[in-house]
Structure formats: structure tokens, C-alpha cells
Amino acid sequence: MPTQNSALWRRRSNRGLFIGIFGFCLGLFGIICGMFWEDLFNWIKHKEMALAPDTQVYENWKTPPIELHLDIYMYNWTNPEDFGDLSTKPILQQLGPYRFIDKPDKVNITWHPANNSVTYRRRSFYYFDAEGSVGSLDDQVTTLNAVTLSAAATAKHWNPVKRKIVDTGLKIYNREISVTKTVDEMLFTGYNDVMIDAAMALPIFGDEVKVPFDKFGWFYTRNGSADLTGVFNVFTGVDELSKLGQMHSWNYQTHTGFFDSYCGLTNGSAGEFQPPQLHPGGSVGLFTPDMCRTLRLDYEEMVEIEGLQGYKFTGGPRSVDNGTLYPENLCFCGGECVPSGVMNVTACRFDSPVFMSYPHFYNADPYYLDQVEGLEPKREDHEFYMVLEPRTGIPLEVAARFQVNMLVEPIDGIDLYTDVPRIFFPLIWFEQKVRLTPELADQLKLLPLVLLAGQIFAGLCLAIGIVLLCWAPVQHLLSSCRTRQYDVKMQHKSNGQYKSRSQFSSAEELKSKASTLLCEESAGKSLLEQNSKPATLIPKSQTGESVVTATTPLSETPESQKD
């Protein structure tokens, strides 16, 4: 039958075993968690960020939660009567901004699981913000007559007979190089023009004349329309998050047809997302339907937006080059190679001689700025940039700024443009700037904290596991040390007459020997007490000899008693 001490010993051994096993498992869990927590975090992020009909990302993508503003600036031409005088430059006066609240939406959404993409159209509603504007929609603005110039530029490539018909029409309708209209007419409302009416009523030129609208206005028919920007098809990122929001096709084509070679490919971002896990250096692409091309933005620096670190990508000289500075951009010439700084989008704008640039010809060749007066490019006001959160690719701040210019040049056979200088004439520029709200920034700040918390948790599990795993051996070691200390004390006390604990074969023997030692010790104390007393003699026995009692010290026993 096991004794009580052996049962206690076994219980302690089992408890130490259980604690050791638990510590081993906890430490192993900490190691695995530390090794794969980031992968698990990225997997969860992938599931939450991929576009799908039932995710929060989808709602923010379809209808952005941030209020968007569109600021429009007009150039008022103050000396149109001097145009043609080579000694005088056009003097421009900037008006605005005229601010509009932009409420975008995405419609006609169709999902394509076969290639993990989604097709949609963009639609926006614009509301004039009088408080945020500098000026009124009733302001009068004098600018270049874009309708007349477009008609003349189109006839430039025709035969002399057709060109003469256009020249006659311009004279009949008393067309001028400049036009004065209200800001409202120049923007969203539009205005009637007899040249547009004539072209629509007399289709004598067949397919060579494209008349897309019955009025002219820079944003005419754009308010509430889902047709002007085309049909987008972007990847949802379900299979690969790096493809999230990247263009697959535009108007059902993977090549726009407006530029040669790779310059016409529909690639880059549609605007809402950029590839995650960004690194300093390199560039990102932004597909712009109004220019029928992808704009490359290069990495510039790291900045802080609402307490978040972001990578700033800017539209530098490479973005608006036509091959002058960067040979790989030669295919963006579009048949009219000009100095770096403007982008030829004539083919994209119904063959009107439209050239896009940054406002005030920022980052452009000085050639353009020298042609007019009144422009003053500034980085803080005219730079195109995006600040992206590197882990997710989510835009933290965006300033999209473009300027519309039209090429005015001498055209043979068109008297109105016979003696004019060759000028890239600025007409209008617009800015759409958006910044992440503090509330959304706080949500993004949680992402690195969750990642760090998981790593800290893994480290704690590993540390606690190691402590628990070492608990039983340490306890055993401490117990052994205490046993050795006890044995040393016992050996000193017994002067080497007794065995140490380690010499006994069992706890039973150790216990028995301990009892014997206690009895002998008690007996020894009794004898010592008797030695301190005088010997007592007992009367002689019948034999006549004296008998010494037990109280007589052993050392004083007569020799006769020893025999």
C-alpha cells in the first residue's frame, strides 16, 4: 500500500508534468503565432479590402463618404483685340475658384467572377457652392472661341474646297477669335453656337465632322450623366490584392486606340485604389478618361497626413513629356510632338486641338509660359500629387489639377487664322482636392496597432510558455538542493554515524531510521542526566555483594562488575 508521502510525491510530479506540457504548448503557439501572424493579418486584410457586394469597402467605393469639391478657375482674356499683333502677348486674368460640391456614384455595376473584375459607369451630380466660391456664376468671362477654333483646325487637313466652305461659314456668321459668356454658360449650362447648329443641320462633310453636343460648355451634359467618362472594367482584388482597382479595360477595350503601342494600353488605377505594400521609389499609374491615357506619378518623399505616414507621388516632368526628355514617351506625341510640358489629347477630344498640362504650365518647358502674360506657376497651388498609405494603398490626400489649352496656329485657307501667332492658349483649369477625414484616419491607424498587438501577444505566449516549461525542473532542482542541505546538517549532527537521505533505499527506511535516531537521542539524554547524580548502593544481596543500580555511571562500574 502506498504511503501518504509517496502519494503526495506522485501528485506533485503529475502537476509538474501537466504544467510543463501546458508551457510547451503555449510556447509552441507563441512561436507559430509570431511566425504567421503577419500572414494571417494580411489574409484578413485581403478579405476585408477586396471588392465584393457585401463589404464595407464596396459601399465606400460606390459612394465615397468624403465630401468632394471641384474648384474651377477661368482665364479672362483682357486684350483680345490685340491678337495678331506679334509685339503683344495675350494677357490673362485668373477668375475663381468657382466651387462645386461633387456627389459621385457608380451605376450599371456588373460583376465578373470569371476574371475577378467589375464593370461600371461613373455618374456625378454637381451643386454650386456660393460660399466656397470667389465670384458668381453670372460673372462675364472673355476667352478663346473654342467652337470656331475647332472647326478651323478640323478643316486644316481637308482639301481646299471643303476648307473654303468652312471659311465662308465663319465669315457669314461673323465668327470671332474670342467669345464672351457667363461662367455658368461656359461650364455646365452651355451656350448655343451657330457653327454647331450648322454642322448638325448640314451633314455635308459626313463622318469627317463629329458633333457630339448641341451646345458648348466645358462640363456640358456632365452633370448627372453616366455616359461621358465611358465604361470601366477594373479588377476586384479577390484573387490578388495587388490588382485591386487596376484597369482591365475601358469601353470594353484593353487598348484605347488614341495612342500607339503601349501608350494606348488601359492600365494603372481607376483612381480609387492603388497597389498595397508600396515601397519608396518607383511610380504609380492613374488612368484618366478625359485624356484617354494613363498618367504616371513618381515617388517623391514621405509625408504625414492626419498622423499617418504616407508616400507622396507627384506628376513631375516625366508625366507630361512627349519624348523630348524621356524617349519612352514618344508614343504620346499623337502626331503633334511639342516641347515637354503639355499632353496632346486631340484624338481623344473629337479632333479639337486640345493639349492638357498642369495649371499655369507648372513643370512645363518655359516655351509655353513665355507665350502669354498673367501666369505664375507655384508648386503648392499647381502640383498634381497623391499621398498613399503604403500598407493598403489607400489615398490619404489627392490634389488632381489639370489645365486645358488649345493650340492656335496659322491655317491656310481660313482667313480668320491666317495671320495669328502659334500659341498654346490657356482656357481653364480645375482642381479636385480631397483629404482623409480624422475619423477614417483613426480607423487606418488601428491596422498597424493590430499587427503590433498580435506580435506582442505571440511574444508573451512564448515567454510564459518558457517559464512554465522550466517550472518543474527548477522546482525539482530547488528540492534537491534543500535535500542536500538537510543531509549535510544531519551528517554533522550524527558525526558520521548515520546514513544520508540519499543512502536509504526508500522513504520507509528513512522514516524508520529517523524514529530510531530520535529514540537513541532520548536515551542518551537520560544517561547523561544520571551521570550527574552520585551512585546509590543497594543493600547486599544474599551473596553479600553490593549491586550497582542503573543510576551508576558506566565509567565508574567496578572491574568486578565488568566480569
Side-chain angles (χ1 to χ4, degrees), residues 32-66 104 106 109-120 122 232-250 254 265-287 294-299 302 305-306 308-313 386-398 434 436 440-455 458:
I32 296 175
C33 184
M35 292 174 60
F36 298 103
W37 173 251
E38 186 171 357
D39 293 334
L40 178 63
F41 173 80
N42 290 332
W43 180 81
I44 296 174
K45 183 178 69 174
H46 185 178
K47 298 293 290 184
E48 292 298 322
M49 288 192 62
L51 272 179
D54 56 349
T55 62
Q56 183 64 36
V57 172
Y58 167 76
E59 293 298 328
N60 294 338
W61 168 78
K62 185 179 185 300
T63 307
I66 302 175
K106 294 179 177 64
I109 299 174
T110 305
W111 302 91
H112 307 285
N115 68 340
N116 296 304
S117 68
V118 58
T119 299
Y120 63 92
R122 290 176 177 174
F232 293 79
N233 179 251
V234 302
F235 293 107
T236 60
V238 170
D239 57 335
E240 190 175 345
L241 197 59
S242 61
K243 297 164 61 177
L244 174 63
Q246 299 297 295
M247 292 289 298
H248 173 257
S249 66
W250 181 57
T254 57
L265 293 175
T266 56
N267 51 25
S269 167
E272 294 85 1
F273 303 100
Q274 290 290 345
Q277 305 302 329
L278 296 169
H279 300 283
S283 63
V284 295
L286 179 65
F287 183 80
T294 298
L295 189 72
R296 307 304 303 184
L297 306 178
D298 298 320
Y299 173 82
M302 179 181 290
I305 303 294
E306 297 293 345
L308 291 168
Q309 296 294 322
Y311 294 165
K312 183 179 180 180
F313 293 84
M386 297 177 65
V387 179
L388 305 174
E389 200 283 320
R391 285 191 176 90
T392 61
I394 294 176
L396 303 180
E397 185 174 84
V398 178
V434 60
L436 195 73
L440 293 177
D442 290 338
Q443 295 180 20
L444 278 180
K445 290 176 185 177
L446 292 177
L447 293 179
L449 293 179
V450 171
L451 181 61
L452 179 61
Q455 294 170 342

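Because only heavy atoms are used, hydrogens play no part in the values below, and waters and symmetry mates are left out as well, while side chains stay in. What you see is a predicted model, and the numbers here were worked out from it, not measured in a lab. In this chain, numbering begins with 1 at the start of the sequence shown.
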- [ ] May I ask you to test the Ile109-Tyr58 pair for a side-chain heavy-atom distance under 4.5 Å?
- [x] yes

Open item on the list: How close do Ile305 and Val387 get, counting heavy atoms only, and between which atoms?
Closed with: CG1-CG1, 3.8 Å

Open item on the list: Within this structure, what is the CD-CG distance for the pair Glu59 and Asp54, rounded to the nearest 0.5 Å?
Closed with: 10.0 Å

- [ ] Specify whether Trp111 and Trp61 have parallel, tilted or perpendicular ring planes, treating 30° as the upper limit for parallel and 60° as the lower limit for perpendicular.
- [x] tilted

TODO: Report the distance from atom CG of Leu444 to atom CD of Glu306, rounding to the nearest 0.5 Å.
DONE: 11.0 Å

Task: Rounded distance (nearest 0.5 Å) linking atom CG of Leu295 with atom OG of Ser269 - done: 11.5 Å

TODO: Verify the neighbour count for atom CD of Gln309: are there more than 12 heavy atoms of other residues, nucleotides or ligands below 6.0 Å?
DONE: yes

TODO: Could you tell me whether the side chain of Thr110 and the main chain of Thr119 form a donor-acceptor pair under 3.5 Å?
DONE: no

Task: Leu286 side, atom CG; Thr294 side, atom OG1 - distance, nearest 0.5 Å - done: 8.0 Å

TODO: For Gly310 and Pro390, work out which heavy atoms get closest and say how close.
DONE: CA-CD, 4.2 Å

Task: Expected output: side-chain Glu389 to main-chain Thr392 donor-acceptor under 3.5 Å - done: yes

Task: Residue pair Leu278 / Tyr311: nearest heavy atoms and the distance that separates them - done: O-CE1, 3.4 Å

Task: side-chain contact (heavy atoms from CB on, under 4.5 Å) evaluation trace for Ile394 with Met49 - done: CA-CA 10 Å; Ile394 294 176; Met49 288 192 62; 4.3 Å; yes

TODO: Nearest 0.5 Å please: distance from the CD atom of Glu272 over to the CG atom of Asn60.
DONE: 11.5 Å

TODO: Indicate yes or no: at least one non-hydrogen side-chain atom of Leu297 is less than 4.5 angstrom from one of Ser283.
DONE: no

TODO: Kindly determine whether Thr254 and Leu265 satisfy side-chain contact (heavy atoms from CB on, under 4.5 Å), including the steps that lead there.
DONE: CA-CA 6 Å; Thr254 57; Leu265 293 175; 5.7 Å; no

Open item on the list: Please find the pair of heavy atoms, one from Pro395 and one from Leu388, that lie closest to each other, and give the distance.
Closed with: CA-CD2, 3.7 Å

Open item on the list: Can you give me the closest heavy-atom contact between Lys445 and Leu308, atom names plus distance?
Closed with: CG-CD2, 3.4 Å

TODO: Would you sort out whether Val57 and Phe273 count as a side-chain contact (heavy atoms from CB on, under 4.5 Å), showing the intermediate values?
DONE: CA-CA 11 Å; Val57 172; Phe273 303 100; 3.8 Å; yes

Open item on the list: A side-chain contact here means heavy atoms from C-beta on lying under 4.5 Å apart; do Asn267 and Met247 qualify?
Closed with: no

- [ ] Flag the pair Gln246 / Pro275 as yes when at least one side-chain heavy-atom distance between them is below 4.5 Å, and no otherwise.
- [x] yes

Open item on the list: For the backbone of Gly285 and the side chain of Gln274, can you confirm whether one donor and one acceptor N or O come within less than 3.5 Å of each other?
Closed with: yes

Task: Candidate pair Val238 and Leu51, rule side-chain contact (heavy atoms from CB on, under 4.5 Å), full reasoning - done: CA-CA 7 Å; Val238 170; Leu51 272 179; over 6 Å; no

Task: Rounded distance [0.5 Å steps], NE2 in His279 versus OH in Tyr299 - done: 12.0 Å

Open item on the list: To check you understand the geometry: which heavy-atom pair defines the closest contact between Pro276 and Ser242, and what is its length?
Closed with: CD-CA, 3.8 Å

